[in-house]
Amino acid sequence: MQTQASILVIYTGGTIGMIKDPVTGALHPINMDLLYQSIPVLKNFNYHIDSFSFDPLIDSSNMNPSFWIRLAEVIDENYEKYDGFVVLHGTDTMSYTASILSFMLENLNKPVVLTGSQIPLGVVRTDGRDNIINSIEIAAAKDDNTPIVPEVCICFENKLFRGNRTNKFNAENFEAFVSGNYPTLAKVGVNIKYKHHLILKPNFKKLKVYKVLDNNIAILKLFPGITKNVVNSILTITGLKAVILETYGSGNAPTDKWFIDALENAIKADIIIYNVSQCKSGSVELGKYETSVDLERIGVISGYDITTESAVAKLMFLLGLNRPVEDVKRLLQVSLRGEMTV
Ligand code: ASP
């Protein structure tokens, strides 16, 4: 017999938990302790649902590594008590948070489902209500007493994504997220159809939570006409340990000598250059075109089909381990949490 699932809903802030003041029309946060009051139908689930609210709540544009560490701690402290976790989060940086949690929570054997909304919960046409209901059902779903989705994912507009594969691509539509290089893990229709073969399998090992992140990184996005001054200014930042080089197409960049020399000098100074494509779908293939041959020769590291969001998270996580630079370079090219296809 299956026992009643217990779920912890963690509210970090964002549009989803807002309600419109009927008099002033201004948005202010709902008391998430009153989740059942906001969505009475939740009572019809045979689940035990508790909630935890951050104080202060934040717009996710204010997200930062300290908040991520606190969020991971809340999951850690409650891990044994609950079958699954739903994180209510602003959409703006949800993909970054999903990505970093996937790295910080090693041996995750329970669902951590992030969701949010484009319209506040307190507004009639909200998309938040369905997003929360679907996320709770997914966080509670088990087969043979084993969680069906034991990974960090994003549930939005009837789709379930691997979190570290997503980008926010639309600020207007209910369909706010895409996962250009990995299929959806489930589709929510009349039934929730899980694609079991695409979902990570539980390993039944003890959860290990990493709580040190190193944000000495930068993103250098290429554009035609980028100047030597801009490139050099970024590559010579004091304390810099890694740069995500956002390249064109399958990992291509200008072949100008000044540009390659600047990268080569940075690599010689032990700065990791991580090649991530500006395209939302497809993979970096170093050496495919003449315009990436030099990058490969000087030791630029391929990010394959990783998203920029996930690359940021993976670098902060790996640099936080304080391992030798060669180890970090090796691990950047291996899929640790299903974040890339190598
Ligand atoms: N700016 C908001 C946030 O990301 C938007 C949202 O909630 O979706 O927190």
Side-chain angles (χ1 to χ4, degrees), residues 9-21 24-35 38-39 51-72 74-75 85-102 104 112-136 138-139 152-180 184 188 213 215 219 280 307-313 316:
V9 176
I10 303 169
Y11 180 39
T12 64
T15 300
I16 189 159
M18 296 286 178
I19 191 160
K20 215 178 209 158
D21 186 299
T24 63
L27 290 172
H28 61 84
I30 291 177
N31 181 352
M32 273 294 165
D33 299 337
L34 306 177
L35 195 62
S38 314
I39 315 178
S51 52
F52 174 97
S53 274
F54 272 80
D55 183 16
L57 298 165
I58 60 162
D59 183 293
S60 81
S61 303
N62 285 318
M63 188 48 77
N64 58 53
S66 322
F67 199 105
W68 283 333
I69 292 167
R70 186 62 203 119
L71 177 55
V74 172
I75 294 172
F85 300 85
V86 172
V87 179
L88 305 182
H89 195 290
T91 53
D92 288 348
T93 59
M94 193 186 291
S95 294
Y96 290 90
T97 298
S99 299
I100 197 77
L101 284 179
S102 75
M104 293 171 88
V112 174
V113 186
L114 280 82
T115 196
S117 71
Q118 298 282 55
I119 300 184
L121 207 51
V123 172
V124 180
R125 245 171 13 83
T126 184
D127 50 329
R129 187 179 164 281
D130 283 356
N131 285 345
I132 292 183
I133 293 170
N134 294 339
S135 299
I136 290 178
I138 289 165
V152 181
C153 37
I154 288 183
C155 177
F156 219 88
E157 187 60 5
N158 297 325
K159 288 186 183 143
L160 185 71
F161 304 100
R162 173 164 301 155
N164 60 27
R165 291 291 196 147
T166 60
N167 320 103
K168 179 173 179 181
F169 89 111
N170 201 313
E172 163 74 20
N173 288 359
F174 286 153
E175 231 172 293
F177 292 92
V178 281
S179 168
T184 51
V188 182
L213 301 173
N215 60 354
I219 300 176
K280 300 298 175 218
T307 61
T308 296
E309 289 82 341
S310 212
V312 165
M316 286 194 196

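Note that the structure is a prediction, hence the values are computed from the model and not measured. Counting begins at 1 with the first residue of the sequence. Whatever order the structure lists ligands and atoms in, that order sets their numbers, starting from 1.
- In this structure, Leu213 and Ile69 have side chains that are in contact, with non-hydrogen atoms separated by less than 4.5 Å.
- For Phe161, there are no ring pair (Phe, Tyr, Trp, His ring centres under 6.0 Å) partners, not counting sequence neighbours.
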Item to check | Stepwise side-chain contact (heavy atoms from CB on, under 4.5 Å) test for Ser60 and Thr12 | outcome: CA-CA 8 Å; Ser60 81; Thr12 64; over 6 Å; no
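- Taking every heavy atom of Gly14 and a limit of under 4.0 angstrom, the matching atoms of ligand 1 come to 7 (O), 9 (O).
- Put simply, the side chain of Thr126 gets close to the backbone of Pro120: a donor and an acceptor are under 3.5 Å apart.
- No side-chain donor from either of Ser117 and Asn131 sits under 3.5 Å from a side-chain acceptor of the other.
- On a distance-only criterion, Asp92 and ligand 1 share at least one N/O pair closer than 3.5 Å.
- Under a 4.0 Å criterion applied to the non-hydrogen atoms of Ser117, ligand 1 contributes the atoms 8 (O).
- For ligand 1, the atoms lying closer than 4.0 Å to a non-hydrogen atom of Asp59 are 1 (N), 2 (C), 3 (C), 4 (O), 9 (O).
- Side-chain contact of Gln118 with Asn173: a donor-acceptor pair under 3.5 Å is absent, judged by distance alone.
- Distances between N or O atoms of Ser60 and those of ligand 1 include at least one value under 3.5 Å.
- Within ligand 1, the atoms closer than 4.0 Å to a non-hydrogen atom of Thr15 are 5 (C), 6 (C), 7 (O), 8 (O), numbered from 1 in the order shown.
- The protein atom (non-hydrogen) at minimum distance from atom 8 (O) of ligand 1 is Thr91 OG1, 2.5 Å.
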